[in-house]
2 protein chains.
Amino acid sequence: MSNGSLEVMQNVSANLRQARQQQGYSQERLAERAGISRRMLVNIEAGESNASIATVDKLASALGLSFAEVVRPPPLADKGPGLPLRIWQGERADSHASLLESLAMPGMTMELWRWQLAAGDSYLAEADAPGCQELLYVLAGQLQLQLPLQQQTHVLQAGQSLAFALDQPCSYHNLGAEPCTFTKSVLMVPHQDQ
Amino acid sequence: MSNGSLEVMQNVSANLRQARQQQGYSQERLAERAGISRRMLVNIEAGESNASIATVDKLASALGLSFAEVVRPPPLADKGPGLPLRIWQGERADSHASLLESLAMPGMTMELWRWQLAAGDSYLAEADAPGCQELLYVLAGQLQLQLPLQQQTHVLQAGQSLAFALDQPCSYHNLGAEPCTFTKSVLMVPHQDQ
DNA sequence: TAGGTAAGTGCAATATAATGCACTTATTAT
DNA sequence: ATAATAAGTGCATTATATTGCACTTACCTA
């Protein structure tokens with residue numbers, strides 16, 4: 001046994017009890033169906049047991065529920081509506097890049113960038129945290145992307161897109177004679193290490 | 001220990017290993033962060049351990065994942081750290097939308113869309129799961145976005161962007177006389193319910 | 001009176017999750 | 001070659017989940 005401080009435990013406890021009562025099972029009958037002891041079910045419903053995956057799964061099956069359904073937090077009435085709702089006119093702040101939108105959520109940040117590279121220009125980006133991802137979309141011109149660690153080079157024409165991981169350095173080059181414009185959708189996860 | 005026949009176990013095993021490798025942790029460092037023994041982590045990743053809720057939760061937290069994300073069946077398109085490196089020529093096809101890129105990670109999916117609405121055209125999108133987010137960026141024309149639940153209406157000119165949550169229905173309208181083109185960066189968190 | 005069912009508690013016994021240690025096997029770098 | 005890191009195995013030990021039983025409390029019904 002352990003105290004019921006864990007959030008997941010509380011979810012399991014509440015969901016199981018609610019489903020059991022809705023389906024008209026007594027603790028004894030459900031325990032029998034699931035193939036566990038009634039004592040265990042009492043503990044779990046009381047939120048006093050750190051059950052194993054297998055035990056929770058037996059109970060879920062006996063109630064016709066999926067594992068995820070038993071584990072997930074109970075439906076919250078209505079969470080905070082919408083979010084930063086603002087219109088941003090992209091600024092041409094630094095020479096080639098402007099941040100259009102940034103959405104900060106717990107554990108991650110999603111960013112939308114607009115970039116422009118003059119003809120012949122290039123830019124080298126350092127490696128970011130593992131798990132960070134980027135989606136490119138070329139609006140106009142021609143963009144060459146190099147990923148040294150993978151020894152790969154890709155050339156994107158207007159209308160083409162590319163996805164790659166940011167846990168490596170990468171460089172952008174405009175090989176064409178026209179300015180190159182593209183968007184970057186970036187998903188950042190916090191760098192937690194050492 | 002127990003055999004790894006349980007589906008949930010296999011999910012936990014695969015998800016944990018993938019997330020750990022993506023974030024660059026060794027088994028030892030992750031076990032240390034999570035506060036469990038390396039021996040246990042080896043067993044779990046091998047699908048040979050019927051772990052407890054608390055143990056799985058410790059590992060999920062250490063990886064910055066929710067319990068549900070670790071437990072859920074892995075998304076089909078798993079790109080390792082190496083990554084998906086493909087160039088996609090957005091199709092202008094029949095309708096108004098084309099998916100440029102889709103990145104599936106454990107627990108979430110990031111998508112990049114290119115949309116086009118003819119003059120006077122509109123589109124109504126259903127509400128998505130809580131936690132899903134969208135970044136709009138208007139490339140050409142004029143776009144009106146309506147969020148009925150918030151009783152808000154926004155008009156975006158070319159070059160402007162907007163961020164909002166997708167847990168509510170929304171509608172797009174092209175009020176102008178020219179076709180409206182815009183990109184949508186969407187962050188999806190799996191809808192696990194019922 | 002009772003008699004039935006359902007839920008909760010305390011405790012010893014047992015099964016097993018979880019640990020710690022000592023290996024082995026690769027792989028990488030110096 | 002040597003050292004260092006990462007991953008996997010076997011096994012004894014410890015911690016704890018899980019069981020079974022006896023008991024209480026409450027509520028309903030004849």
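Source: prediction; values computed, not measured. Just so it is clear: chains get the letters A, B, ... in the order the sequence lines come, proteins before strands, and each one is counted from 1.
Checking A/Met40 against B/Val42, the closest nucleotide of DNA chain D that is more toward the 5' end is the one next to B/Val42.
Using a 4.5 Å cut-off on side-chain heavy atoms (C-beta onward), A/Val71 and A/Val12 make contact. Looking at B/Ile53 and A/Val56, their side chains come closer than 4.5 Å, going by heavy atoms from C-beta outward.
Whole-Å rounding puts the A/Glu28 CD to C/dA6 C1' distance at 9 Å. One interatomic measurement links the two molecules: CG of A/Leu59 to C1' of D/dA17, which rounds to 14 Å at whole-angstrom precision. We find that CD of A/Glu32 is positioned 17 Å from C1' of C/dA7, with the value rounded to whole Å. The separation between B/Ile44 atom CD1 and C/dA17 atom P is 11 Å, rounded to whole Å. Atoms CG (A/Leu41) and P (C/dG8) sit 9 Å apart, rounded to a whole Å. In this entry the distance linking CD of B/Glu48 with C1' of C/dT16 reads 15 Å, nearest Å. Here D/dT9 presents its C1' atom at 15 Å from CD of B/Glu45, a figure rounded to the nearest Å. Rounded to a whole Å, the CD1 atom of A/Ile53 is 13 Å from the P atom of D/dA17.
Contact annotation: side chain of B/Arg38 to base of D/dG8, donor-acceptor pair present below 3.5 Å.
For B/Ser37, taking side-chain heavy atoms from C-beta onward, the closest of the listed nucleotides C/dG20, D/dT18, C/dT9 is C/dG20. Closest contact between the side chain of A/Arg17 and the listed nucleotides C/dA7, D/dA7, D/dT18 involves C/dA7. Checking D/dG8, C/dA7, C/dT19 against the side-chain heavy atoms of A/Ser26 singles out C/dA7 as nearest.
Atom CZ of A/Arg20 sits about 9.0 Å away from atom CG of A/Leu16, to the nearest 0.5 Å.
Note on B/Thr55: a side-chain N or O is less than 4.0 Å away from OP1 or OP2 of C/dA18. The side chain of A/Ser52 places an N or O atom within less than 4.0 Å of a non-bridging phosphate oxygen (OP1 or OP2) of D/dT18.
Note on ring orientation: taking the six-membered ring where Trp is involved, the planes of B/Phe67 and A/Phe67 are parallel (angle under 30°, cut-offs 30° and 60°).
Residue-level contact check: A/Arg20 touches the backbone only, with heavy atoms under 4.0 Å from sugar-phosphate atoms and none from bases. If you check every strand for non-hydrogen atoms under 4.0 Å, A/Ala46 touches nothing.
Panel note: side chain B/Asp121, backbone B/Leu117; no donor-acceptor pair is recorded below 3.5 Å.
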